[in-house]
Colleague: 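First the structure, which I've put down as structure tokens, then a few questions once you've had a look.
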Amino acid sequence: MKDKIKLFYLALFILAVLVNLAGINADFFTDDPGLYASIAKNLLYKKEFLELFTYNQDWLDKPHFPFWMVFLSFKAFGISVWAYRLPALLFFFLGTLYTWLFARKFYGAEIAAIAVLILMTAQYALMGNVDVRAEPYLVALIIGSIYHISRLEERFSFADLFLAALLTACAIMTKGIFVITAIYGSLLGQLIFQKKFRSLFSFKFIGLFVLTFIFTFPEFYALYTQFDLHPEKTVFDRQNVSGIKWFLWDSQFGRFVNKGPISQKSGGDIFFYLHTLPWAFAPWCLLFYYAVYKRVGDIFRKRNLTEYYTLSGGLLLLLLFSLSRFQLPFYTNAIFPLFAIIMAPYCAMQLTNFGTKFRLITQWCYIILFPLIILIVNYFLKPVDNRFFLIDCTVLLLVAVLIFIKIKPAHQRVFLLSCTVVLFANFYLNTVLYKEMAAYNGQITAAAYVNQPGFTASVYSLKKENNVFQFYTKKPIGYVQLEKFNNFKTDSNTVFYASQLSVDYLSQKHIPFRIIQSFQNYPQERILPDFVNKPNRYRVLDKVYLISKQ
């Protein structure tokens, strides 16, 4: 790798780290992070490490590992949005390290550097590090497991056996048993294509499976103590709910067929990720499709690949997601390291005439599109403070000029520019757009009202989706079903948080209530054009309320 290109890789890596950190203290603007942060906060308040609660009620949906990590962060640094995001970011950065180690092992240092930059500039990876759910943890746990398994496959090492089992167990305790599709699927593909299938039953891999089960025991124990030991608890409106059965079957198969208490309104679309990845894995997706096409073609032509782990694990889990009837765009974030390693060689190698043109044209489409969208958004958004936007534009122009002056090969130039424009766009999102959205989050302003000194009332929520309010409020929040509001017995020193839809429901049912305070609110998690267009913003705003019974 030449020193000149090496310096650009290093500079873009540093910029990518800074862009990821730029959103660490952004207020929540979607509900899921508020829910997960509230659950971790409850662990701290209740001095409880095994049982998960929301609104003082038992919660059974996701495994424990991310909540344990956030709990430790809250314990060390206090309760805040940045302390919630910190462990997820650290795991994401650990994922970039494992991406580097795996890619360097099989492809060399330059391809490894390219793979790391692809991962760090994938659009939804950057967004997922602000709108944090479970995926940043899985970025490290899946590629880390596969890396140590690849070393274990070559020769036995207790350190690799231990780390592969530990990381796999943590991945299972983050998202459930379906994640082993990528981890064990990668090993299975490697052994099948190398005609070593029988070694799957060797002592070291049997030891891996057994040790993984042992390391997953904390999850089983936590679920057993909270649910299986207490059949009298009501969960999902029924009793005799087994937490272990839910973890092993209902939460996985139930989501796969889109049935059960937690399901989507849509029935699933087998092509969902095919048309989602062009923006979720932007600006790399189209070149990724080309790389997969070429690699699969090589397999059919019986040409040996450098490794089969990434193609086997990545495509198997992507296929599983596509067949599932419960689909969300951020699910694929966890296998972005595998995607990055698959396509990294195609950013650097000499391609056919068609491949070279395809690479240049598709990447230039993204290079033009990203800055153009941000310029249009900023024009209509009209933020009061344009400092971050001006800094962003200055850095973009400076880096772009340096790339054009210093880098002559077209494929290197287009790769570096692709990284640059994504970082430009996401710095703007992290410092301007998300801040603008959070400023219209009525849950945050309502929580600030409740947190005032002298506000002593008990507080309840009328919807379980009001989790940002639950997190920001510095006191325990109870829950009352909206339908039971009228019959809920309480004293005069009790207030209820209500969305516009809840207030409309009470009004339509002629249920008496008194408005204590109202707050302007943007009720969407999506960025609607009318919100971006400041003169039209009022059209997509409503109000949220603190109310009491009359």
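All residue numbers in this chain count up from 1 along the given sequence.
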Colleague: Decide whether a cation-pi geometry holds between Arg133 and Phe330; the criteria are a distance under 6.0 Å from NZ or CZ to the six-membered ring centre and an angle within 45° of the ring axis.
Modeller: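 Judged by the rule (NZ or CZ under 6.0 Å from the ring centre, within 45° of its axis), Arg133 counts as positioned above Phe330.
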Colleague: Could you report the tightest heavy-atom contact between Met173 and Pro66, atom names first, then the distance?
Modeller: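 Scanning both residues completely, I find the closest heavy atoms to be O-CD, 3.9 Å.
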Colleague: Between the main-chain N or O of Thr490 and the side-chain N or O of Thr494, is there a donor-acceptor pair closer than 3.5 Å?
Modeller: no
Colleague: Just checking Lys474: does its NZ atom have more than 12 heavy atoms from other residues, nucleotides or ligands closer to it than 6.0 angstrom?
Modeller: no
Colleague: Treating Thr431 as the side-chain partner and Phe427 as the backbone partner, does any N or O pair qualify as donor plus acceptor under 3.5 Å?
Modeller: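 At least one qualifying donor-acceptor pair exists.
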Colleague: Using the side chain to side chain contact (heavy atoms under 4.5 Å, CB included) rule, take Tyr84 and Phe28 through it: C-alpha gap first, then chi angles, then the decisive distance, then the call.
Modeller: CA-CA 11 Å; Tyr84 168 73; Phe28 293 148; 3.6 Å; yes
Colleague: Is a side-chain donor or acceptor of Thr96 paired with a backbone partner of Phe93 at a separation under 3.5 angstrom?
Modeller: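 Yes; at least one donor-acceptor contact below 3.5 Å.
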Colleague: I'd like to know whether CZ of Phe455 has more than 12 heavy-atom contacts from other residues, nucleotides or ligands below 6.0 angstrom.
Modeller: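 More than 12 within 6.0 Å, yes.
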Colleague: With distance as the sole criterion, is a donor-acceptor pair present between the side chains of Gln508 and Asp504 under 3.5 Å?
Modeller: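 On atom types as modelled, these side chains do not qualify, holding no pair under 3.5 Å.
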Colleague: At their closest point, which heavy atom of Ile407 faces which heavy atom of Leu416, and how far apart are they?
Modeller: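 Residues Ile407 and Leu416, closest heavy atoms: CG1-CD1, 3.7 Å.
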Colleague: Rounded to the nearest 0.5 Å, how far apart are CG of Asp32 and CD of Glu465?
Modeller: 10.5 Å
Colleague: Would you say Ile376 and Phe380 make side-chain contact, with heavy atoms under 4.5 Å?
Modeller: yes
Colleague: Check whether any side-chain N or O of Thr473 sits under 3.5 Å from a backbone N or O of Gln470 as a donor-acceptor pair, and report yes or no.
Modeller: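 No; zero donor-acceptor contacts below 3.5 Å.
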Colleague: A cation-pi test, strictly: NZ or CZ of Lys464 under 6.0 Å from the centre of the six-membered ring of Tyr479 and no more than 45 degrees from its axis. Yes or no?
Modeller: yes
Colleague: Compare all side-chain heavy atoms of Asn521 with those of Leu541 and state whether any distance is below 4.5 angstrom.
Modeller: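 SC-SC contact between Asn521 and Leu541 ruled out.
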Colleague: What distance separates Leu318 CG from Thr181 OG1, expressed to the nearest 0.5 Å?
Modeller: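 Interatomic distance, Leu318 CG to Thr181 OG1, rounded to 0.5 Å: 12.0 Å.
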Colleague: Is the backbone of Tyr137 close enough, under 3.5 Å, to the side chain of Lys175 for a donor and an acceptor to pair up by distance?
Modeller: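 Not confirmed, Lys175 side chain does not pair with Tyr137 backbone.
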Colleague: Tell me the closest heavy-atom pair linking Pro283 and Tyr366, and the distance in Å.
Modeller: O-CD1, 3.2 Å
Colleague: For Tyr379, is the NZ or CZ atom of Lys382 found under 6.0 angstrom from the centre of its six-membered ring and inside 45 degrees of the ring axis?
Modeller: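 Pair Lys382/Tyr379 counts as cation-pi.
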Colleague: Quick check against the 3.5 Å criterion: does Arg85 have a side-chain atom that pairs as donor or acceptor with the backbone of Ile24?
Modeller: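 Yes, the answer is positive, given that a donor and an acceptor are paired below the 3.5 Å cut-off.
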Colleague: Show your reasoning for whether side chain to side chain contact (heavy atoms under 4.5 Å, CB included) applies to Phe65 and Leu141.
Modeller: CA-CA 11 Å; Phe65 184 76; Leu141 298 173; 4.2 Å; yes
Colleague: Mind checking whether Tyr273 and Phe321 have parallel, tilted or perpendicular rings, split at 30° and 60°?
Modeller: tilted
Colleague: If the plane angle is over 60° it's perpendicular, under 30° parallel, otherwise tilted; pick one for Phe67 and Tyr36.
Modeller: perpendicular
Colleague: Is there a side-chain contact between Ile341 and Thr99 in this structure, where contact means two heavy atoms from C-beta onward sitting under 4.5 Å apart?
Modeller: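 They are in contact (side-chain heavy atoms under 4.5 Å apart), so the answer is yes.
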Colleague: If every non-hydrogen atom of Asp131 is compared with every non-hydrogen atom of Pro33, which pair is closest and at what distance?
Modeller: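 Looking at all heavy atoms of both residues, the shortest contact is OD1-CG, 3.1 Å.
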Colleague: Sub-3.5 Å donor-acceptor pair from the side chain of Asn451 to the main-chain atoms of Ala447, do we have one?
Modeller: yes
Colleague: Kindly indicate, with the supporting measurements, whether the criterion side chain to side chain contact (heavy atoms under 4.5 Å, CB included) is fulfilled by Ile547 and Leu462.
Modeller: CA-CA 10 Å; Ile547 65 175; Leu462 296 179; 4.1 Å; yes
Colleague: For the OG1 atom of Thr332 and the CG atom of Leu277, what is their distance to the nearest 0.5 Å?
Modeller: 5.0 Å
Colleague: Would you say the side-chain atoms of Ser38 pair up with the backbone N or O of Phe471, donor to acceptor, closer than 3.5 Å?
Modeller: yes
Colleague: State, with a plain yes or no, whether a side-chain heavy atom of Leu21 is found less than 4.5 Å away from one of Leu89.
Modeller: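 With C-beta onward as the side chain, the pair touches.
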Colleague: Using the rule side chain to side chain contact (heavy atoms under 4.5 Å, CB included), only one of Phe513, Tyr545, Phe488 pairs with Phe496; which is it?
Modeller: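 Going through the options one by one, the only one that passes is Phe488.
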Colleague: Find the distance between OG1 (Thr54) and CG (Leu60) and round it off to the nearest 0.5 Å.
Modeller: 13.0 Å
Colleague: Hey, could you give me the CD/OH distance between Gln520 and Tyr538, rounded to the nearest 0.5 Å?
Modeller: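 Answer rounded to 0.5 Å: 13.0 Å.
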Colleague: May I ask you to check whether Tyr497 and Gln443 show a side-chain donor-acceptor distance below 3.5 Å?
Modeller: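 No, no side-chain donor-acceptor contact under 3.5 Å.
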Colleague: Rounded to the nearest 0.5 Å, how far does CG of Asn386 lie from CG of Leu381?
Modeller: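 The CG atom of Asn386 is 9.0 Å from CG of Leu381, to the nearest 0.5 Å.
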Colleague: Are Lys46 and Asn56 packed together at the side-chain level, in the sense that at least one heavy-atom pair is separated by less than 4.5 angstrom?
Modeller: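 Lys46 reaches Asn56 side chain to side chain.
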Colleague: Parallel, tilted or perpendicular: which one describes the rings of Phe272 and His275, with boundaries at 30° and 60°?
Modeller: perpendicular
Colleague: Any side-chain to backbone donor/acceptor pair from Asn426 onto Val422? Under 3.5 Å, distance only.
Modeller: yes
Colleague: Under 30°, 30 to 60°, or over 60°: which ring-plane class applies to Phe77 and Trp82, parallel, tilted or perpendicular?
Modeller: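 Tilted, since the angle between the ring planes falls between 30° and 60°.
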Colleague: Quick check: are there more than 12 heavy atoms from other residues, nucleotides or ligands sitting under 6.0 Å from NZ of Lys534?
Modeller: yes
Colleague: Identify the heavy atoms of Thr174 and Pro63 that sit nearest to each other, and give their distance.
Modeller: O-CD, 3.6 Å
Colleague: Compare all side-chain heavy atoms of Asn441 with those of Asp27 and state whether any distance is below 4.5 angstrom.
Modeller: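 Side-chain contact under 4.5 Å: no.
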Colleague: Around atom CZ of Phe388, are there more than 12 heavy atoms of other residues, nucleotides or ligands at under 6.0 Å?
Modeller: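 Open.
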Colleague: Is the distance between the ring centroids of Phe519 and Tyr449 under 6.0 Å?
Modeller: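 Yes - the distance between ring centres of Tyr449 and Phe519 falls below the 6.0 Å cut-off.
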Colleague: Out of Tyr124, Phe415, Phe339, which residue meets the ring pair (Phe, Tyr, Trp, His ring centres under 6.0 Å) rule with Trp284?
Modeller: Phe415
Colleague: Hydrogens and angles aside, do Tyr440 and Arg537 bring a side-chain donor and acceptor to less than 3.5 Å of each other?
Modeller: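 Side chains of Tyr440 and Arg537: pair found under 3.5 Å.
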Colleague: Can you check whether Leu417 reaches Arg413 side chain to side chain, under 4.5 Å on heavy atoms?
Modeller: yes
Colleague: Under a 4.0 Å N-O cut-off, is there an ion pair linking Lys509 with Glu483?
Modeller: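 Looking at Glu483 together with Lys509, the answer is no, because their closest N to O distance does not fall below 4.0 Å.
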Colleague: Please indicate whether Lys463 has more than 12 foreign heavy atoms, meaning atoms of other residues, nucleotides or ligands, lying under 6.0 Å from its NZ.
Modeller: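 No.
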Colleague: With side chain to side chain contact (heavy atoms under 4.5 Å, CB included) as the criterion, how do Asn430 and Val130 come out once you've worked through the C-alpha distance, each side chain's angles and the decisive distance to 0.1 Å?
Modeller: CA-CA 8 Å; Asn430 289 351; Val130 179; 3.3 Å; yes
Colleague: Can you give me the closest heavy-atom contact between Phe53 and Ile39, atom names plus distance?
Modeller: O-CG1, 3.5 Å
Colleague: Does a donor on one side chain sit under 3.5 Å from an acceptor on the other, for Ser418 and Trp364?
Modeller: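 Note: Ser418 and Trp364 side chains miss the donor-acceptor criterion.
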Colleague: May I ask you to test the Phe424-Val395 pair for a side-chain heavy-atom distance under 4.5 Å?
Modeller: no
Colleague: Can you say whether the rings of Phe336 and Phe281 are parallel (under 30°), tilted (30 to 60°) or perpendicular (over 60°)?
Modeller: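 Tilted, since the angle between the ring planes falls between 30° and 60°.
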Colleague: Kindly say whether Asn467 contributes a backbone atom to a donor-acceptor pair with the side chain of Tyr472 at under 3.5 angstrom?
Modeller: no
